[in-house]
J.: 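One structure follows; several queries about it will come next.
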Amino acid sequence: MSKTFQNISGTFDILPDAFNADGTVIESSASWHFVEERIREVMAHYRYLEIRTPVFEPTELIARGVGELTDIVSKELFSFERGDTHYVLRPELTAPAIRAYLQHHLAQKGGVQKLFYMGPCFRAEKPQKGRYRQFHQFGVEVIGASDARADAETVAVMMQIYASFGLKDLVLKINSLGDEQTRPAFKNALQEYFEPLASELSDTSRRRLKTNPLRILDTKVEREQELVKGAPRLIDYIDDASREHYEAVKGHLSDLEISYTEDPFLVRGLDYYTRTAYELDSPHLGAQSTLAGGGRYDLLAQELGSSEAIPAVGFAAGLERLFLALAGEGVKLPDAVKTDVYIVAQGEAAEKWAFKTANEWRSSGLHVAFDLQGRSMKAQMRDANRHGASKVVIVGEDELTSGKAIVREMETGDQETVPLHDLLDRLRDVVR
Ligand code: ATP
Ligand code: MG
């Protein structure tokens, strides 16, 4: 027996029709298009313009300095090398977007750059529902604005995207992380709190206690979440300017009638995050409850080589988890575009005519299908049904000689005979 192949675990195919893969529905390519289009529309209204960056980047861009080893960097990267160069498949798009911003001197265009992105990301995770090795993110970056309205606007565009699909069960959580001056004191406080509890922590958290204690607050282990409840709170450590900024962001959200809950333990994993942090949750995602995460990262540009600080804020969201939320709330997604006209042809001359005519009608804007296998009339009619064609044009030798074809309305079954040269006009009403 010859060998067949399977996609890599943690990745999935997107097919013309939805299908079930390990208990999760992978929506049709038409549904993906619909969702992506809607996201693009909302982005356009908010005046975010698209940036597309390569799916692979130099490793140093993603894994900078050992001091700030993150989970993504330490174990989740797909990496490879050619010659002396090390590459990674991008695990996210914020660093690539800022890289592009710096590389192309977008700051020189003046003003604030508002970018959005959408595309595949790669992380070597343990695959499960809502967690893949190739998954798809969309998100925004507002670069060059420290104003609290920028933070609030990224939240607003995110909420508008989810609301535009009719999703209601959304929980927005926000917090402030303070800045780099107050961070060390908070980290110390965290270490002092957790060190006596170290024996009760998981290996991961014990490691984080030394490298990045903030991440312990983000634990998904229930027992640890209990311990977190007694931990020191960021809000008690942040500086006055950060506190003012936080109040301003909350005020702007209220002005936009966006409801939120404050979560004193919400953090973003990476050191370059400052001030605002937020997260959007849905109860429909199972263990992976987060739809999107965002925040301000005023320290990233310098980490990527910028000589000056460039304030920036944004969010990243997972498309697969959006689909889970849509399914969870019973949102119906549209089917693929239907076939307008199916040409049923019998005999060599009619097949030839169908082949040529289909091409003409297609360029006139109709969605036209016909049989490519020389099957019987009956089989062709069945195929027309499968296509959901709204009209079928039937031609055989007799019709061709008399210069006419039969047009059948599939919904009613009504048929009429139409001169060949009138057919296109007669059929066009399906697209009107
Ligand atoms: P999680 O805590 O669920 O691992 P994260 O904090 O690693 O998420 P981010 O790096 O903030 O996630 O990415 C933003 C969003 O991208 C997440 O909220 C989620 O919707 C999506 N996402 C992240 N990792 C995956 C993955 N492996 N598979 C599917 N979606 C993902
Ligand atoms: Mg993760």
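Numbering of ligands and ligand atoms starts at 1, following listing order.
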J.: Would you say the rings of Phe122 and Phe78 are close, in the sense that their centroids are separated by under 6.0 Å?
T.: no
J.: Identify which of Gly318, Gly293, Gly130, Ala292 has a heavy atom lying nearest to atom 29 (C) of ligand 1.
T.: Gly130
J.: Using a 4.0 Å heavy-atom cut-off, say whether Arg321 meets ligand 1 through its side chain, its backbone, both or neither.
T.: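 Only the side chain of Arg321 comes within reach of ligand 1.
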J.: Do Tyr48 and Phe116 have ring centroids that are under 6.0 Å from one another?
T.: no
J.: Quiz question: by atom type and distance under 3.5 Å, do the side chains of Thr94 and Glu141 form a donor-acceptor pair?
T.: yes
J.: Checking side-chain contact (heavy atoms from CB on, under 4.5 Å) against Glu27, which of Phe34, Trp32, Phe19 comes through?
T.: Trp32
J.: Output yes when Lys229 and Glu226 qualify as a salt bridge under the 4.0 Å nitrogen-oxygen rule, no when they do not.
T.: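 Yes, charged N to carboxylate O under 4.0 Å.
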J.: Does a side-chain heavy-atom distance below 4.5 Å link Val112 with Val142?
T.: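 Yes, close enough: below the 4.5 Å cut-off.
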J.: With backbone taken as N, CA, C and O and side chain as the heavy atoms from C-beta onward, which portion of Gln137 lies under 4.0 Å from ligand 1: side chain, backbone, both, or neither?
T.: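 The part of Gln137 near ligand 1 is the side chain, not the backbone.
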J.: Hey, does Leu366 have a side-chain heavy atom less than 4.5 Å from the side chain of Leu424?
T.: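 Yes - at least one pair of side-chain heavy atoms lies under 4.5 Å apart.
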J.: Could you tell me whether some N/O pair between Leu291 and ligand 1 is separated by less than 3.5 angstrom?
T.: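 Checking ligand 1 against Leu291, an N or O pair does fall under 3.5 Å apart.
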J.: Answer yes or no: is there a donor N or O on one side and an acceptor on the other, between the side chain of Glu224 and the main chain of Leu201, under 3.5 Å?
T.: no
J.: For Tyr132, take its heavy atoms, then give the atoms of ligand 1 lying under 4.0 Å from any of them.
T.: 26 (C), 27 (N), 28 (N), 29 (C)
J.: Side chains of Thr59 and His86 only: does a donor on one sit below 3.5 Å from an acceptor on the other?
T.: no
J.: Could you name the option among Gln128, Arg123, Lys129, Glu320 that has the heavy atom nearest to atom 5 (P) of ligand 1?
T.: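 Looking at heavy atoms only, Arg123 sits closest to atom 5 (P) of ligand 1.
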J.: Just jot down the ligand 1 atoms closer than 4.0 angstrom to any heavy atom of Ala316, in number order.
T.: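 With Ala316 as reference, the close atoms of ligand 1 come out as 14 (C), 15 (C).
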J.: Have a look at Phe315, Phe135, Phe138 and point out the one with the heavy atom closest to atom 31 (C) of ligand 1.
T.: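 Checking each option, the heavy atom nearest atom 31 (C) of ligand 1 is found in Phe135.
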J.: Checking the N or O distance criterion of under 3.5 Å, is ligand 1 in contact with Ala317?
T.: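 Looking only at distances, the answer is no, because the N/O contact criterion of under 3.5 Å is not met.
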J.: At under 4.0 Å between heavy atoms, which part of Pro91 makes contact with ligand 1: side chain, backbone, both or neither?
T.: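 No part of Pro91 comes within reach of ligand 1.
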J.: So is Arg268 in contact with ligand 1, going by heavy-atom distances below 4.0 Å?
T.: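 Yes, that is the case, since the closest heavy atom of the residue is under 4.0 Å from the ligand.
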J.: If you measure every N or O of Arg215 against every N or O of ligand 1, does any of those distances drop under 3.5 Å?
T.: no
J.: Under 4.0 Å, heavy-atom basis, I'd like to know which part of Lys220 is in contact with ligand 1: side chain, backbone, both or neither.
T.: side chain
